[in-house]
Trainee: 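Would you mind keeping the following structure in view while I ask a few things?
Scope of the values below: all heavy atoms of this structure, side chains included, with no hydrogens, waters or symmetry mates.
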Amino acid sequence: MLESAMTASMNDGTFSLEDDIRLDASKVTHNPDDDFYREFLKPYYVLTKDGQFLFASTQAGRRPDRAFYMVPEDYPLGTRQRPFDVEIGKALYDVALRYLRTARVIVQEGIQGESGYEVGLRVTTTVENPHSAYIAWMGKMMIFPPKENMHVHCFNYIIPEPLPAEYVREIQEFWPEYDPKEPITLYDFMDMKNDVRRVLSLGIDYFGGAYKKPNLTMVWNRGELDGLISYHAGCTTDRVLKGLSGTGKTTLTVGPELEQDDACFGRPVLDSSGNVDSVELVGLEAASFAKSEGLVPGSPEWPGLMRSAETDEGGKRPIILAMNIDCENVDFVRKTIADYEVLVPEVEEGKQAGSLQCTRYEKSGTTNGRFIFLFSELNPGWGSGGKKWLRSESLSYKRFDVLEPMLRVTDPAMATAMDSGCESIITSAIAAQKVGTRVRSYAATDFMVGEQSRQALVKLKMYRDLGLGPDGKLVFFINNAGFVGEYDLHGDQIRKLDENGEPVPERDDRGEVERDMAGEVKYVGQGEKVTVQDSKTLVHLAEHRKIESWIENPIYGYLLPDPRELEERHGMKDFARRFNPLRFYSPTDIVRFAERDIKERTEFLGNLFKGQNGEDELRDVMRVWEKVTIPSEDELREFYERHYGVP
């Protein structure tokens, strides 16, 4: 049964979360304001020199490997989505919710989604460990305020602190493998036919893993079943840019036209013949959960981070919440507060907190620092209610070898294939895989619950109906947020050598040798970096249809902007020389890269869609790379020398 958010509070001393879940009202803090959080969380944050509230968490990022799903028997999950035994899962919920009835909690209602697709949420966070209230404060900024008489469709239960021993013993009686030291997120979609979805997180103290991602997963699933297209993407009023974390979604979207930087829907509008005539964009969040790694004053996200240093006419500062970012004169320490061990920032004795240091990671121990700012801080017209219509769709890949800085796809099957296998690389030495390892993800997301084929078929129809060619309604392009020429065929960096034949170490602005998170020296590579300015220029030219001369890639047939036009008309000086593959690879190397990519892409798509509903309708997508004909080495050399010059 759906519940009205505004009737959740009861008059009998209890507070109703759902029909059969009531709490002691004296232990519930309901929809608290910013002043509450400022006071309640004082032991857990540092107020920086520039006015940001700086927090820390013991977990540096999400744990998608610990997400599991309970779904009806007739609802198929997608590839790499792990089911959970329903009997054990229901028992786990029962134990966790019994504990929740004894705990102090913050209950929040809100809406995920702009006008056009609004979904009512209720999020309950236990604050027996008061530090956990930072999760709720960040969440308050990310979702839209509740509306009177709105109905709640999605319920998120967050228990970050360890469960007491008696609850652990009870869980281990019916689930002997339960390890209380391992976090778990368990989605309960068993009641999805009644438009109710739930999620329970145990032992997760990272905001993105406990609040943001679970809420989006529930809402995206609901929208997908309503026929919408889910985008893990930033968007403006007419463009979406999808990508995995660290591939530039926020960087390339932030600015005066910013609408969303991570999550939105596309609503297909059909004509009288049933063809897609247009796609309306609907944003899902009210704020950015931006990554701080590498930010400097010239970075696009910098104004959002520094809004807290400004005051309005009444002397108020915008609220900017930050976490896990190095800060001048601040250490990150483990200490016991309110009987719980927590990680908190602490000002060094005898000093004052300085400014955030987004290019240093020694103190925080992570490059995954984050901060939250309202979209309206950068886009004064944000939330005006005007409709957004899709005209350009982009994927941000992160490749370090032969992929061009930007390419345009006009074949709907190839566009669906590239969307279905979004490519990036492992760049962190603390990841479970070797640095340089190529990874692929369906639509740059792990937020889906259900077969990937369902969304792929909707997109394939949209691409076909709208048209991706010169006369089409939609421009589909790929942005490479990496390098050209940096890695070899095996994913190893090709290091730049000095006059003595020795590799050149990277140095920071103090002249000190830089090291990665494992303490290993970082070296300068031979490749050409696709800079943020390169990407912003190319994205602007592509989405506004300013490129007139395109050339066909000699292997795949997709379109590349003519380097001559980029240099002569659009100010991209030295583009041809900088990104000429022959600077870094021989034609033989280029052929080997193509053979590898064709094989890996084909295998990935085959494994992704195998056995899913609509597999036969996606055959053209799954086999699109097999149809490629690789030209001779002489033909490749002639092509690149003609368009990019002799290196």
Trainee: Closest approach of Arg198 and Phe189, non-hydrogen atoms and distance?
Mentor: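 Result for this residue pair: O-CE1, 4.0 Å.
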
Trainee: I'd like to know if Arg98 and Asp94 make a salt bridge, using a cut-off of under 4.0 Å between side-chain N and carboxylate O.
Mentor: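 So Arg98 pairs with Asp94 through a salt bridge.
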
Trainee: Among side-chain atoms of Ser308 and Asp50, is any donor-acceptor pair under 3.5 angstrom?
Mentor: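 There is no such pair between these side chains.
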
Trainee: Minimum heavy-atom separation for Gln112 to Asn215, with atom names?
Mentor: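 Closest approach of Gln112 to Asn215, heavy atoms only: OE1-CB, 3.3 Å.
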
Trainee: So, taking the atom named CD in Glu170 and the one named CH2 in Trp175, what distance separates them when rounded to the nearest 0.5 Å?
Mentor: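 Going from the CD atom of Glu170 to the CH2 atom of Trp175 covers 14.0 Å.
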
Trainee: Taking all heavy atoms of Ile106 and all of Ala136, pick out the closest pair and write down the distance.
Mentor: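 Closest approach of Ile106 to Ala136, heavy atoms only: CG2-CB, 4.1 Å.
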
Trainee: Report the relative orientation of the aromatic rings in Tyr69 and Tyr187; use parallel for angles under 30°, tilted for 30 to 60°, perpendicular for over 60°.
Mentor: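 Geometry flag for Tyr187 against Tyr69: parallel rings.
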
Trainee: Ion pair present between Glu362 and Arg360, side-chain N to carboxylate O less than 4.0 angstrom?
Mentor: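 Here Glu362 does not pair with Arg360 in a salt bridge, since their nearest N and O are not under 4.0 Å apart.
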
Trainee: Angle between ring planes, Phe609 versus Tyr442, binned at 30° and 60°: parallel, tilted or perpendicular?
Mentor: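 Aromatic pair Phe609/Tyr442 classed perpendicular.
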
Trainee: Side chain of Arg307, backbone of Pro318: donor and acceptor closer than 3.5 Å?
Mentor: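 Pair absent, no side-chain N/O of Arg307 close to backbone of Pro318.
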
Trainee: Using 0.5 Å steps for rounding, measure from the CD atom of Gln81 to the CD atom of Gln452.
Mentor: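 Here the rounded value is 5.0 Å.
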
Trainee: Taking the side chain as every heavy atom from C-beta outward, state whether Ser230 and Thr445 have any atom pair closer than 4.5 Å.
Mentor: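 No, side chains not in contact.
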
Trainee: Salt bridge (Lys or Arg N to Asp or Glu O under 4.0 Å) with Lys193: which residues, sequence neighbours excluded?
Mentor: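 Only Asp74 meet the salt bridge (Lys or Arg N to Asp or Glu O under 4.0 Å) criterion with Lys193.
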
Trainee: Could you tell me whether the side chain of Lys398 and the main chain of Ala481 form a donor-acceptor pair under 3.5 Å?
Mentor: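 No, because the side chain of Lys398 does not come within donor-acceptor range (under 3.5 Å) of the backbone of Ala481.
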
Trainee: In terms of side-chain heavy atoms, does Asp261 have a donor or acceptor partner in Ser288 at a distance below 3.5 Å?
Mentor: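 There is such a pair (donor and acceptor under 3.5 Å, judged by atom type) between the side chains of Asp261 and Ser288.
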
Trainee: Just by distance, do the side chain of Glu39 and the backbone of Asp35 share a donor-acceptor pair under 3.5 Å?
Mentor: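 Side chain of Glu39 to backbone of Asp35, a donor-acceptor pair under 3.5 Å: no, none is there.
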
Trainee: Can you confirm if the NZ or CZ of Arg370 lies within 45° of the ring axis of Phe289 and under 6.0 Å from the centre of its six-membered ring?
Mentor: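 Judged by the rule (NZ or CZ under 6.0 Å from the ring centre, within 45° of its axis), Arg370 counts as positioned above Phe289.
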
Trainee: Can you check whether Leu284's main-chain N or O pairs, donor with acceptor, with Glu114's side chain at less than 3.5 Å?
Mentor: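 It does not hold such a pair.
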
Trainee: Going by salt bridge (charged side-chain N to carboxylate O under 4.0 Å, His left out), name the pairs with one or both residues in residues 323-335, residues two or more places apart or in two chains.
Mentor: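 For residues 323-335: Arg334-Glu341, Lys335-Glu346.
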
Trainee: Where is the tightest heavy-atom contact between Cys327 and Leu54, given as atom of each residue plus distance?
Mentor: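 That closest heavy-atom pairing would be CB-CD2, 3.8 Å.
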
Trainee: So among Ser364, Ser57, Ser292, which one has a side-chain hydrogen bond (donor to acceptor under 3.5 Å, both in side chains) with Asn324?
Mentor: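 Running side-chain hydrogen bond (donor to acceptor under 3.5 Å, both in side chains) over Ser364, Ser57, Ser292 with Asn324 returns exactly one hit, Ser57.
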
Trainee: Parallel, tilted or perpendicular, judged at 30° and 60°: which one describes the rings of Tyr44 and His131?
Mentor: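 Because their plane-to-plane angle is over 60°, the rings of Tyr44 and His131 count as perpendicular.
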
Trainee: How about Ile204 and Pro160: do any of their side-chain heavy atoms sit closer than 4.5 Å?
Mentor: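 When only atoms from C-beta onward are counted, Pro160 and Ile204 do not touch, as no gap falls below 4.5 Å.
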
Trainee: Considering all heavy atoms of both residues, which atom of Leu241 and which atom of Ser396 are nearest to each other, and what is their separation?
Mentor: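 Closest approach of Leu241 to Ser396, heavy atoms only: CD2-CB, 3.6 Å.
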
Trainee: Does a side-chain heavy-atom distance below 4.5 Å link Leu186 with Met70?
Mentor: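 Touching, per the 4.5 Å side-chain cut-off.
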
Trainee: Which pair of non-hydrogen atoms, one from Tyr206 and one from Gly61, has the smallest distance, and what is that distance?
Mentor: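 Scanning both residues completely, I find the closest heavy atoms to be CD2-C, 3.4 Å.
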
Trainee: Below 4.5 Å, heavy atoms only, C-beta onward: do Arg222 and Val119 meet side chain to side chain?
Mentor: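 The answer is yes; the side chains approach within 4.5 Å.
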
